[in-house]
Each structure stands twice: as structure tokens, then as C-alpha cells.
Amino acid sequence: MTLFSLLIFLSFLVFSNAKTSTTLGVNYGQLGSNLPTPPKSIHLLKSLKSNFVKIYDANPQILKSLSGTKLQVSIMVPNEQILNISSSPAVSDQWVQTNILPYYPQTKIRYVLIGNEILSSSQDPKLWHNLVPAMYRIQKSLITHRLFHIKVSTPSAMDVLESSFPPSSGKFRSNISVSVVKPMLQFLNRTKSGFFLDVYPYFPWSMSPNDIRLDYALFQGGNFTYTDPISKLTYTNLLDQMLDSVIFGMRSLGFPDVKLTIAETGWPTAGDFDQIGANIYNAATYNRNLVRKLSAQPPLGTPARPGVKIPAIIFSLFNENQKPGPGTERNWGLFYPNGSEVYKIKFTGKVMKYHEKLPVPQNNEPYKGKVWCVVANGMEKNSSELKSALSYACGQGKGTCDAVQPGKACYKKGNFVLQANYAFSSYWAKFKSLGGSCYFNGLAVQTNVDPSFGSCKLPSVSL
Ligand SMILES: *[C@@H]1O[C@H](CO)[C@@H](O)[C@H](O)[C@H]1NC(C)=O
Ligand SMILES: *[C@@H]1O[C@H](CO)[C@@H](O)[C@H](O)[C@H]1NC(C)=O
Ligand SMILES: *[C@@H]1O[C@H](CO)[C@@H](O)[C@H](O)[C@H]1NC(C)=O
Ligand SMILES: *[C@@H]1O[C@H](CO)[C@@H](O)[C@H](O)[C@H]1NC(C)=O
Ligand SMILES: *[C@@H]1O[C@H](CO)[C@@H](O)[C@H](O)[C@H]1NC(C)=O
Ligand SMILES: *[C@@H]1O[C@H](CO)[C@@H](O)[C@H](O)[C@H]1NC(C)=O
């Protein structure tokens, strides 16, 4: 081999190595009563060819199970501990000692994230000012323990911006911009860490399906593009638009080069009747196209940062039945809790062909019709929980449960499921407009199959 061909060969090795290094991971949330054990879950993670996993705590069992695997790991300081860590080096040192030292380096911990979406409007504003001090404390504790390869950051939701459209107008909320975000960007820039962003094109699309094209949100807009009138940058998909609005926000604070990591993204595979577009077809399309886009070589970047690699962590590994809120919240998983895949997906740089027939989407248009709220499948036997949900619903007044009193049409002695079906439907029909939901700690689901029986007619919600 001549020196010249050796050089070519070596540069080929370096280049092909770079090819495999796109970070594509999965968020492993644990808010489910029926999830597989950590070892089984990590086996599923590996089957995706994922190279990164993010967890929402520092669960010892999970960190132990990740030992010796190639998966890089992001762990999280729980929100409740930020205040104490921010005010005490001893507490910070102790946190690192307890949650990292026993597992590192056998478990490839790469990031410690401080809290989850602390800067959102819905969080306690008192914590905002403890966030960056806590980031500095943990960083210092890592150095103290000679953990030089672990970086510190924190995930932010899109609501850290007060303006995101057009992307060039991207601006952080004025009540955090100078006081919190600027010092945070300074920290991230100095430590060469990245800005972690939770970014879901699903949400703006589902809130304005008449203004935003679904195919544009799913990376299949064909020749459709949007040109930002100020920057003149041209967009082919909604995700790039959202990412660039944050990049413009960082630029306007004087930090144009802080790396961006997608800490969460994804698409729900199911939801309530009043939620549009949550289905397996759209979710598979979104996540498969996302993987294809982000693993392209050379990297595509975004219009504001062409050619720059963007690490991404998809939400989430499992459907999690204990997440409160609307139905979509419990249906972001790549796997069902029994370990079956919801749809096929592989995080390889290669262009994958999926020979899977996906179900035709039924809910890309708003649902029109009646909907009831009934006891969820499998919850019929939870009689003590049902009883307390029933008494909660009936305790809200407005005659919610009049029809299930003894002697009335919907009364069946000892049949709590029928009574609960009535009470849930009646409660939801009366209180939906006041913010009442059809959830009851996971005991209830929406249905469009009328559960009325005999002369007992159940109240419904009309969508
Ligand atoms: C924070 O510190 C206080 C005082 O030491 C302690 O009482 C409290 O339990 C700590 N909180 C957490 C979440 O660790
Ligand atoms: C911060 O600003 C947002 C909107 O810009 C607002 O909704 C929120 O209430 C503000 N929070 C505080 C604590 O000022
Ligand atoms: C960000 O970091 C780079 C590289 O270390 C440095 O050159 C630059 O001055 C920093 N930017 C700011 C605004 O501090
Ligand atoms: C997109 O534009 C190209 C070139 O103008 C054209 O050949 C192609 O048919 C267009 N595709 C669609 C889906 O409109
Ligand atoms: C796993 O659960 C899903 C959803 O409930 C179901 O469709 C599927 O058949 C189950 N798979 C197995 C192997 O039980
Ligand atoms: C239902 O009952 C099972 C078994 O008793 C329990 O594990 C589960 O947490 C209960 N679910 C709810 C939503 O209360």
C-alpha cells in the first residue's frame, strides 16, 4: 500500500466512522403500571438500533441494566431537588456521588439534565432562578469527581419562546429571556453542552389543522414550501421552522453557535375523539421521516444552520397508561407495554424500506358525532377505585348521578360498572365545558358506541 492510498484508506475510515455517529435515541419514561422490567426494556431499545437513551430520573435498576451496553445515557435531576442543589455544594456533590459514581463508566452516562421543562409557564416561577445556579453546581461536582465527559443541560419546551412565527422572529419570553435564558446560554456555550428542546410539530398542527398542512408537519409536503419574509429562508417542513425559531432566539441573545439537541419529539398513535390526527399511520410517517432526515449524510441541518448534525431523542419507548391529561398523552410509544411494536421503525442511517401495511388514518379530519365516557377495558375489576371515582363524579352536583339512584332507570343493584359508565358520561357531559375530562386516573375512556341500555339513556358529548 502506498502512503497515498494509505491516507485515502485512513480518511475513509474516519469518514465512515463519522457516518454512524448520528445520535438517535429514545426517551424511556416509566409512568406506566404495566411496563416491562428494565432489562427487557433495554433489549427493546437495542432492537431499534438506537444509540442513546434518556430517562427522567436516575433509576438505579435502569442504570445498572445499561451497564456494559453501548447505549449513551442522559439522566435527570428531579424538579423537586433543584432548589436544594442550587443552594448547596454538599447536596450537589452528594447527588453526583449517589446517582453517577456507582454506575460510571460501565454505564455510559453522557448528560445530566437539570429538571424537566422548568422554564415553562406552567412551572413554579420561583424555580426559574434556581435553574442555572443548579446547573453550575452539578457541573462543578462533576469536575470535582473528575467526570470530564459528562455534560449538563436542561430540556425546554417550545413555550420558552414568546414568538416563533415566522422563525426569524424567534424570541424567548421576556420574563425569562435576560434573567435566565441568557446566563443559561452562557453556561451551555462555555461548557460546550447543548440546548435541549422538546419540539412537537404535532401540537401546532393539531391546534390549527386548517392553517398548517398535515403533509408539511409529516415531512412529506412535496414541493410545498414556506419562505420566511424576513430571513428569506425557505422551509420544507414544520420541524425545521420550529427549530430555527429557537436558533433565531439564541442568536438575538448573542449565542448563535450553541448546539441544539432535540430532547423530545414524536407523534401520538391514538387519542380522544376530540383530538385530531393521532394515529399509527401519521406517527410511523413522522418518526420514520425524522430518522431519515436526521441521519442523512452529509447532515442536512436546518435552513438557518445548514449542514449541522442534530441529535434527537424520540418520545417515547412505551405507551404510558399513568400519564394524566388527554388521551394522546398515553399513546406516544414505539412499543405497547407487552413489548409488541406499535409500528416498525429502525434508527439506522441506511434508508429503510418498511414493508408493513399501516392502518389507513381515520381521524385526520375533526370527528363529528356523539361521544360517551365509560369504564376502560380491564378496569372493571378495580372496584374500590371505581367506587371512589363514582363518588367523586357524583359529588360534583348538578344532578350528575340522579338517574343512578335506587328506583331510577339506570340503577342496577351492585353493578358498579353500569353506575360508573353513567356517572362518567354524565359528569363529562355536564363539566366538559368547565374543564372536566374523561380520565378518572385512567379508569375511563371515550367511546362512540352508545352504552345506553333499556330505558337508561346515558348523557353524551356532541363533537
Ligand atoms: C431540601 O433540604 C431541606 C433542608 O435540609 C430538607 O428538609 C428537604 O427534605 C430537602 N428537599 C429535598 C427534595 O430533598
Ligand atoms: C411569563 O410570561 C408568559 C407569557 O409571556 C405568561 O403567560 C406568564 O404568566 C408569565 N409568568 C410570570 C410568572 O410572570
Ligand atoms: C461561545 O463560545 C465560543 C467558543 O468557546 C467563544 O468563542 C464565544 O466567544 C462564546 N460566545 C459568547 C457570546 O460568550
Ligand atoms: C415538484 O417539482 C418538480 C420540478 O419542478 C416536478 O417535476 C414534480 O412533478 C413536482 N412534484 C410534485 C409532487 O408536485
Ligand atoms: C400487545 O398489546 C397490543 C395493544 O393492546 C395488542 O394489539 C397486541 O396484540 C398485544 N401483543 C401480544 C403479543 O399480546
Ligand atoms: C387496578 O387494579 C390493579 C390490580 O389491583 C392495580 O395494579 C392498578 O393500579 C389499578 N388501576 C387503577 C387505575 O387504579
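One-based numbering, in listed order, for ligands and for the atoms of each. Model, not experiment: these values are computed from the prediction. Along the sequence shown, residues are numbered consecutively beginning with 1.
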Using a distance-only test with no angle check, is there a side-chain donor-acceptor pair under 3.5 angstrom linking W372 and Q446? no
Under a 4.0 Å heavy-atom limit, does F172 contact ligand 2 with its side chain, its backbone, both, or neither? neither
Is the number of heavy atoms from other residues, nucleotides or ligands within 6.0 Å of NZ (K323) greater than 12? yes
Measure the distances from the heavy atoms of K192 to every atom of ligand 3 and state whether one is below 4.0 angstrom. yes
Could you go through ligand 5 and note, for every N or O atom, any protein N or O atom closer than 3.5 angstrom, writing the atom names and distance to 0.1 Å, or 'none'?
from	atom 1	to	atom 2	distance (Å)
ligand 5	2 (O)	N338	ND2	2.4
ligand 5	11 (N)	N338	ND2	2.9
ligand 5	11 (N)	S340	OG	3.0
ligand 5	14 (O)	N338	ND2	3.3

Ligand-side contact atoms (ligand 2) for residue partner P125, heavy atom cut-off under 4.0 Å: 13 (C)
Salt bridge check: are K171 and E162 linked by an N-O gap of less than 4.0 Å? yes
Which residue pairs satisfy the ring-ring contact (aromatic ring centres under 6.0 Å, His included) criterion with at least one member in residues 254-277, sequence neighbours excluded? Y202-W267, W205-W267, W267-Y286, F273-Y367
Describe, in one word, how the ring planes of F315 and Y200 are oriented to each other, choosing from parallel (under 30°), tilted (30 to 60°) and perpendicular (over 60°). perpendicular
Show the atoms of ligand 3 that are less than 4.0 angstrom away from any heavy atom in G254. 13 (C)
Could you tell me, atom by atom, which parts of ligand 2 come under 4.0 Å of a heavy atom of R173? 1 (C), 2 (O), 3 (C), 4 (C), 5 (O)
Short N or O distance, N189 and ligand 3, threshold 3.5 Å exclusive: yes
What do you reckon, does N175 have a nitrogen or oxygen under 3.5 Å from a nitrogen or oxygen of ligand 2? yes
Y235 side chain near P167 side chain, heavy-atom distance below 4.5 Å: yes
Should the pair D93-K140 be classified as a salt bridge under the 4.0 Å nitrogen-to-oxygen rule? no
Quick one: are the ring centres of Y427 and F440 less than 6.0 Å apart? yes
Using 4.0 Å as the upper bound for N to carboxylate O, is an ion pair formed by R305 and D257? no
